[in-house]
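To start, the structure itself, in structure tokens.
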Amino acid sequence: MVSAMLSVLVAIAALPLAVLASPAAIPITPMRQDMRGLNRLWNSTLAGRAIFPSGGIRGVNVGAWFVFEPYMAIDEWSSMGGEQCGDCTTCASDEFSLTRKLGQTQANTAFAKHWSTFITQDDVNLMKQYGINSVRIPIGFWIIESTVLSNETYPRGGLNYLRAGCKMFRNAGISVLLDLHAAPGAQVSRNPFAGRCVATPGFWNQANFDRMNNAAAQLTTLIHNEPDNFGSVWGLEALNEPPTDTNDTPGYFTFMQGFVNAVRGAENSLGIADANRISAVFMDISWQWGNPQNAANPAFAENGGNAYDSHLYYSFGAPCGPNGCVSGTLSSHINFACTGGGGRIQADSDQLNTPSFLGEWWLLPLAGTFGNFDQTSARAFGDAQKRGYSPEGGRGGFGWYFWSWKMTNSDSDGSNHMRSYKDAVAQGYLPSNAASYFNANICS
């Protein structure tokens with residue numbers, strides 16, 4: 001979920017447009033606005049598929065379910081045999097290394113217990129009560145077990161639990177974005193969210209691109225062939241949080257082209273009508289910065305509808321945008337959030353990255369701005385982040401997914417309610433109705 005964020009907190013969106021341009025050899029043939037991304041799903045008629053909420057996304061991530069991030073549930077991780085260490089490459093700090101430590105059979109049993117208990121019908125019912133209309137579910141490529149190599153160790157059996165989970169959301173009328181959060185070889189270094197903590201990312205080669213896109217094609221087929229289970233899935237996200245420096249992602253645009261070809265190829269084989277196709281979802285162009293020769297604009301890989309995911313965390317350092325950078329005051333945080341991430345929505349749109357949504361955010365501010373128990377400030381900051389990316393905010397955003405629905409750690413630092421939607425609502429830091437605000441005029 002949270003990568004080495006300091007590098008992303010440069011003024012990426014303020015860079016010259018040339019830095020963000022697509023490769024010159026790629027023709028610019030964007031789809032009609034009314035056929036892009038989320039828009040075409042509003043009137044979807046596929047049997048069993050939920051109509052996308054026309055009022056925008058009011059959602060949560062369900063992190064640590066199918067890609068376990070130990071900080072989110074450290075007590076459970078420890079009970080499963082997982083470890084913590086200063087250098088995550090040296091201990092069982094991720095799903096790959098824990099499976100290797102336990103052995104395949106014991107790991108399968110331990111993770112099956114986790115998958116069946118971490119998110120339950122009670123969670124889905126509570127989400128529905130709170131007005132949540134969509135969830136983003138992080139998954140690893142290994143959920144499609146045929147893509148795993150013989151020398152790789154990941155837990156097996158997750159797909160049936162994903163089926164059951166998606167069916168719960170479908171039956172509740174909650175739409176789903178499946179997020180391929182973790183890639184073969186790991187797309188980033190030293191982060192358990194990649195499924196494997198490594199010193200050097202191993203994803204960035206054609207062989208692993210092909211494995212990831214094989215998983216995408218098989219998932220697309222399942223989504224369409226099993227409407228009872230996956231009927232409310234509106235999109236499939238290609239890759240979560242690649243390195244922010246384009247110099248560290250060789251071949252990224254080639255991978256994105258392959259992803260679109262995999263998804264649309266599977267739909268072509270099934271004869272899926274244009275109006276019923278899922279959206280291909282990518283991190284927005286503002287996520288990366290660096291060498292313009294390596295710039296990868298996902299808009300130029302579009303074929304049949306893209307949507308774009310923006311992640312904004314303030315607690316790792318001051319985020320920046322075309323309108324400037326955040327400072328350590330509440331008013332600066334609110335202004336940045338209310339203007340669509342300091343102008344990022346508009347900057348993305350200028351590069352054809354629309355529709356966009358805020359795919360990860362939480363209530364923690366830049367260090368020293370306000371404390372974890374300053375409820376008044378946290379409420380104002382939350383209202384601003386929601387409104388800045390919601391349709392009613394008027395900045396062109398299509399909504400948001402909070403990171404994350406729940407955390408079950410011991411909360412020794414008093415921050416659970418700043419990062420757990422469930423706790424934030426229970427303790428009065430977020431409204432009990434996701435469509436509501438403590439102050440609807442926060443951005444006025």
With sequence neighbours left out, which residue pairs that include part of residues 347-399 fulfil the disulfide (SG to SG under 2.5 Å) condition? none
Pair listing, disulfide (SG to SG under 2.5 Å) test, anchored in residues 223-254, at least two apart: none
His311 and Tyr313 aromatic ring geometry - parallel, tilted or perpendicular at 30°/60° bounds: perpendicular
Donor-acceptor check, side chain of Asn306 to backbone of Pro298, threshold 3.5 angstrom: yes or no? yes
Would you confirm whether the ring centroid of Phe253 sits within less than 6.0 angstrom of the ring centroid of Phe300? no
Nearest 0.5 angstrom please: Tyr429 OH to Phe373 CZ, how far? 6.0 Å
Have Tyr161 and Ser116 got a donor and an acceptor in their side chains that come within less than 3.5 Å? no
Going by atom types alone, do Thr220 and Glu267 pair a side-chain donor with an acceptor below 3.5 Å? no
Gap between atom CZ of Arg344 and atom CG of Asp350 - 0.5 Å precision: 14.5 Å
With sequence neighbours excluded, tell me which residues meet ring-ring contact (aromatic ring centres under 6.0 Å, His included) with Phe282. Phe259
If you look at every heavy atom in Ser93 and Cys197, which pair is closest and at what distance? OG-CB, 4.0 Å
Sequence-distant partners of Gln129, side chain to side chain contact (heavy atoms under 4.5 Å, CB included), two or more places apart: Leu126
Sole candidate of Leu222, Leu178, Val135, Ile223 that passes side chain to side chain contact (heavy atoms under 4.5 Å, CB included) when paired with Cys166: Leu178
Relative to the ring of Tyr252, is the ring of Phe255 parallel (under 30°), tilted (30 to 60°) or perpendicular (over 60°)? parallel
If the condition is ring-ring contact (aromatic ring centres under 6.0 Å, His included), which residues does Phe141 pass it with, not counting sequence neighbours? Tyr154
Short side-chain donor-acceptor distance under 3.5 Å, Trp362 and Ser420: no
Measure from the side-chain N and O atoms of Trp287 to the backbone N and O of Pro242, and report whether any donor-acceptor pair falls under 3.5 Å. yes
Heavy-atom pair of closest approach, residues Ala238 and Met212: O-CE, 3.4 Å
Return yes if a side-chain donor-acceptor contact under 3.5 Å exists between Asn261 and Asn213, otherwise no. no
Any side-chain to backbone donor/acceptor pair from Gln187 onto Asn240? Under 3.5 Å, distance only. yes
Do the side chains of Thr244 and Trp289 get nearer than 4.5 Å, heavy atoms only? yes
Donor-acceptor contact below 3.5 Å, side chain Asn61 vs main chain Gly359: yes
Scan the side chains in residues 324-339 for donor-acceptor partners under 3.5 Å anywhere in the protein, sequence neighbours excluded, and list what turns up.
| from | atom 1 | to | atom 2 | distance (Å) |
| --- | --- | --- | --- | --- |
| Ser327 | OG | Ser332 | OG | 3.3 |
| Thr329 | OG1 | Ser331 | OG | 3.3 |
| Thr329 | OG1 | Ser332 | N | 3.1 |
| Ser332 | OG | Ser327 | N | 2.8 |
| His333 | ND1 | Ser327 | O | 3.3 |
| His333 | ND1 | Thr329 | O | 2.8 |
| His333 | NE2 | Leu366 | N | 3.1 |
| Thr339 | OG1 | Asn335 | O | 2.8 |
| Thr339 | OG1 | Phe336 | O | 3.1 |
| Thr339 | OG1 | Gly342 | N | 3.4 |

Side-chain donor or acceptor of Ser404 paired with backbone N/O of Gly63 under 3.5 Å: yes
List the atom of Gly428, the atom of Phe438, and the distance in Å for their closest heavy-atom pair. O-CZ, 3.6 Å
Test of understanding: with ring-ring contact (aromatic ring centres under 6.0 Å, His included), list the residues that count as partners of Trp361, not counting sequence neighbours. Trp400, Phe402
If you round to the nearest 0.5 Å, how far is CD of Gln346 from OG of Ser356? 9.5 Å
How many angstroms lie between OG in Ser436 and CG in Leu430, if you round to the nearest 0.5 Å? 11.5 Å
Quick one: list whatever passes ring-ring contact (aromatic ring centres under 6.0 Å, His included) with Tyr437, sequence neighbours left out. none
Is there a donor-acceptor contact under 3.5 Å from the side chain of Ser377 to the main chain of Asp374? no
Give, for atom CG of Leu177 and atom CD1 of Ile57, the distance between the pair rounded to the nearest 0.5 Å. 7.5 Å
Pairs flagged by salt bridge (charged side-chain N to carboxylate O under 4.0 Å, His left out) wherever residues 217-237 is involved - sequence neighbours left out: Arg136-Glu237, Arg163-Glu226
Ignoring hydrogens and geometry, is there a side-chain-to-backbone donor-acceptor pair from Arg277 to Ile272 under 3.5 Å? yes
Ser310 and Tyr389 side chains, donor-acceptor separation under 3.5 Å: yes
Any Thr249 side-chain heavy atom under 4.5 Å of Trp204 side chain: yes
Hey, can you tell me if Trp77 and Phe68 have their rings parallel, tilted or perpendicular (30° and 60° cut-offs)? tilted
Within residues 119-128 or reaching into it, pairs that qualify as salt bridge (charged side-chain N to carboxylate O under 4.0 Å, His left out) - sequence neighbours excluded: Asp123-Lys406, Asp123-Lys422
Looking at residues at least two apart in the chain, or sitting in another chain, which of them share a salt bridge (charged side-chain N to carboxylate O under 4.0 Å, His left out) with Arg190? Asp87
Between the side chains of Ser349 and Thr354, does any donor sit under 3.5 Å from an acceptor? no
Testing the basics here: between Leu312 and Pro319, what is the closest heavy-atom pair and its distance to 0.1 Å? CD2-CB, 3.9 Å
Backbone N or O of Ile174 within a donor-acceptor pair of the Ser232 side chain at under 3.5 Å? yes
Filter on salt bridge (charged side-chain N to carboxylate O under 4.0 Å, His left out), then keep only pairs touching residues 312-322, sequence neighbours left out; what's left? none
Donor-acceptor contact present, side-chain Arg387 to main-chain Asn441, <3.5 Å: no
Taking all atoms of both residues into account, what is the closest heavy-atom pair of Pro250 and Phe209, and its distance? O-CZ, 3.6 Å
Does a donor on one side chain and an acceptor on the other come within less than 3.5 Å for Arg196 and Asn191? no
Specify the closest pair of heavy atoms between Tyr314 and Leu364, including all atoms of both residues, with the distance to one decimal. CB-O, 4.0 Å
Which word best sums up how the rings of Trp403 and His181 line up, parallel for under 30°, tilted for 30 to 60°, or perpendicular for over 60°? parallel
So CG of Leu219 and CD1 of Ile143: to nearest 0.5 Å the spacing works out to 8.0 Å
Do the side chain of Arg170 and the main chain of Pro227 share a donor and acceptor less than 3.5 angstrom apart? yes
Give me the one residue out of Asp284, Asp348, Asn297 that meets side chain to side chain donor-acceptor pair (under 3.5 Å) with Asn353. Asn297
Would you check if the distance from the ring center of Phe357 to the ring center of Tyr308 is below 6.0 Å? no
